[in-house]
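Heavy-atom basis, side chains included; hydrogens, waters and symmetry copies ignored.
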Amino acid sequence: TDSRVTKLKGKSDTIVWTAPYITTNMGGVAADEDFVYTMPATSQTVYRLSKTSGQVISSFNLSGVWPGGTMYGTLAADNGRIYRSSTANWIDAYDAKTGVHTGTTIKVAITPYSLAFNGKEICLGQSSNGQPVYCYSLYSDVELADEGCDDDGDGYCDSTQTISGDTSKTCPKSKVTCDGNLVGST
């Protein structure tokens with residue numbers, strides 16, 4: 001079957017664009033702030049698509065570590081990286097520009113058939129109904145330090161953050177309040 005990538009307008013059925021035909025068995029699609037990425041289910045080839053038109057801008061092969069397996073929608077993109085998981089039971093990270101393995105490899109407890117990504121963790125489901133679900137952190141606490149006032153609720157904020165108004169919100173892990181005053185001991 002023809003498995004083209006299609007972008008819909010919001011939560012509607014209105015088609016914004018449909019990418020050109022790439023393969024009969026698309027394995028996953030993900031987007032970051034710049035591009036849409038898609039891969040066939042068993043191939044090392046990544047296709048980089050325009051977010052505005054869906055046209056193929058370029059393609060590249062993943063290199064370095066290649067665990068193989070079949071990908072069932074288990075692709076994510078974030079922070080210049082592409083994360084691929086497959087029936088080989090690994091999550092592997094690759095540079096989104098070059099396709100070179102970044103050195104990040106995570107062994108997963110299940111054979112993944114579904115994926116959700118919240119910007120910090122990849123959550124994988126074992127069956128079509130998503131049960132059970134296992135989540136894997138992609139970043140260390142240092143990498144998650146905020147550039148603002150603990151917007152994501154992880155307890156970190158930028159130590160130089162200055163905000164007028166409500167200073168009751170604190171960032172306990174970085175030991176500052178939102179007005180930049182230190183709290184607790186250092």
Side-chain angles (χ1 to χ4, degrees), residues 1-11 13 15-140 143-144:
T1 59
D2 182 352
S3 58
R4 295 181 192 221
V5 177
T6 299
K7 179 180 178 180
L8 301 177
K9 183 176 182 178
K11 295 181 182 179
D13 292 335
I15 295 174
V16 176
W17 53 256
T18 298
Y21 175 79
I22 297 172
T23 186
T24 58
N25 192 8
M26 199 58 67
V29 63
D32 62 16
E33 56 278 355
D34 299 316
F35 302 103
V36 175
Y37 303 92
T38 189
M39 293 183 69
T42 58
S43 171
Q44 291 178 264
T45 304
V46 177
Y47 295 89
R48 185 181 291 123
L49 310 178
S50 164
K51 285 183 86 169
T52 57
S53 71
Q55 293 302 305
V56 176
I57 295 171
S58 62
S59 65
F60 56 90
N61 287 329
L62 299 180
S63 63
V65 174
W66 178 250
T70 302
M71 185 173 56
Y72 294 103
T74 50
L75 187 68
D78 185 54
N79 201 25
R81 294 180 181 164
I82 295 171
Y83 297 92
R84 180 191 183 273
S85 188
S86 72
T87 56
N89 297 38
W90 295 94
I91 298 171
D92 284 288
Y94 299 88
D95 184 279
K97 290 182 180 162
T98 65
V100 175
H101 196 274
T102 66
T104 299
T105 298
I106 302 169
K107 177 72 174 158
V108 299
I110 59 169
T111 300
Y113 287 92
S114 60
L115 177 144
F117 179 58
N118 65 10
K120 294 180 185 180
E121 299 172 312
I122 286 182
C123 297
L124 300 170
Q126 186 167 8
S127 64
S128 60
N129 68 2
Q131 298 295 326
V133 174
Y134 294 87
C135 295
Y136 301 89
S137 180
L138 298 180
Y139 303 105
S140 70
E143 291 175 300
L144 290 177

(request) Give the C-alpha distance, both sets of side-chain angles, the deciding distance and a yes or no for side-chain hydrogen bond (donor to acceptor under 3.5 Å, both in side chains) between D95 and T102. (result) CA-CA 6 Å; D95 184 279; T102 66; over 6 Å; no
(request) Check step by step if side-chain contact (heavy atoms from CB on, under 4.5 Å) holds for T98 and F60. (result) CA-CA 7 Å; T98 65; F60 56 90; over 6 Å; no
(message) With side chain to side chain contact (heavy atoms under 4.5 Å, CB included) as the test, pick out the partner of L138 among N118, I106, D78.
(response)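 With L138 as partner, N118, I106, D78 yield a single side chain to side chain contact (heavy atoms under 4.5 Å, CB included), made by I106.
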(request) Would you mind telling me which of I57, T38, V29 makes a side chain to side chain contact (heavy atoms under 4.5 Å, CB included) with L49? (result)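 So, applying the side chain to side chain contact (heavy atoms under 4.5 Å, CB included) to L49 and each of I57, T38, V29, only T38 qualifies.
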Minimal non-hydrogen separation, [X] against [Y], with atom names:
{"X": "A88", "Y": "G68", "value": "CB-O, 3.7 Å"}
{"X": "S43", "Y": "W66", "value": "O-CH2, 3.3 Å"}
{"X": "M71", "Y": "G28", "value": "CE-N, 3.7 Å"}
{"X": "V16", "Y": "L8", "value": "CG2-C, 3.8 Å"}
{"X": "A77", "Y": "A30", "value": "N-CB, 3.7 Å"}
{"X": "Y72", "Y": "P112", "value": "CD1-O, 4.3 Å"}

Do [X] and [Y] have side chains that approach each other closer than 4.5 Å (heavy atoms only, starting at C-beta)?
{"X": "P40", "Y": "N25", "result": "no"}
{"X": "V46", "Y": "L62", "result": "yes"}
{"X": "Y113", "Y": "T74", "result": "no"}
{"X": "Y136", "Y": "L124", "result": "yes"}
{"X": "K120", "Y": "S137", "result": "no"}

(request) For side-chain contact (heavy atoms from CB on, under 4.5 Å), just list the numbers for W17 and V5, CA-CA rounded to whole Å, side-chain angles, deciding distance to a tenth of an Å, and then say yes or no. (result) CA-CA 9 Å; W17 53 256; V5 177; 4.0 Å; yes
(message) Does atom NZ (K107) have a neighbourhood of more than 12 heavy atoms from anything else shown, all under 6.0 Å?
(response)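 Yes, the 6.0 Å shell around NZ holds more than 12 heavy atoms from other groups.
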(message) For D32, is there any backbone N or O sitting under 3.5 Å from a side-chain donor or acceptor partner on K51?
(response)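 Judged by distance alone, yes, a pair lies under 3.5 Å.
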(message) Strictly distance-based, threshold 3.5 Å: is any side-chain N or O of T87 a donor or acceptor partner for the main-chain N or O of T70?
(response)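 Side chain of T87 to backbone of T70: a pair is present.
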Straight-line distance of [X] [atom1] to [Y] [atom2], nearest 0.5 Å:
{"X": "N89", "Y": "I110", "atom1": "CG", "atom2": "CD1", "answer": "8.0 Å"}
{"X": "M39", "Y": "R84", "atom1": "CE", "atom2": "CZ", "answer": "5.0 Å"}
{"X": "C123", "Y": "L115", "atom1": "SG", "atom2": "CG", "answer": "8.0 Å"}
{"X": "Y37", "Y": "R48", "atom1": "OH", "atom2": "CZ", "answer": "5.5 Å"}
{"X": "D34", "Y": "K97", "atom1": "CG", "atom2": "NZ", "answer": "7.5 Å"}
{"X": "Y21", "Y": "M26", "atom1": "OH", "atom2": "CE", "answer": "8.5 Å"}

(message) Checking ring pair (Phe, Tyr, Trp, His ring centres under 6.0 Å) between H101 and each of Y83, W90, Y94, which is the one that passes?
(response)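 It is Y94, the one option of Y83, W90, Y94 that forms the ring pair (Phe, Tyr, Trp, His ring centres under 6.0 Å) with H101.
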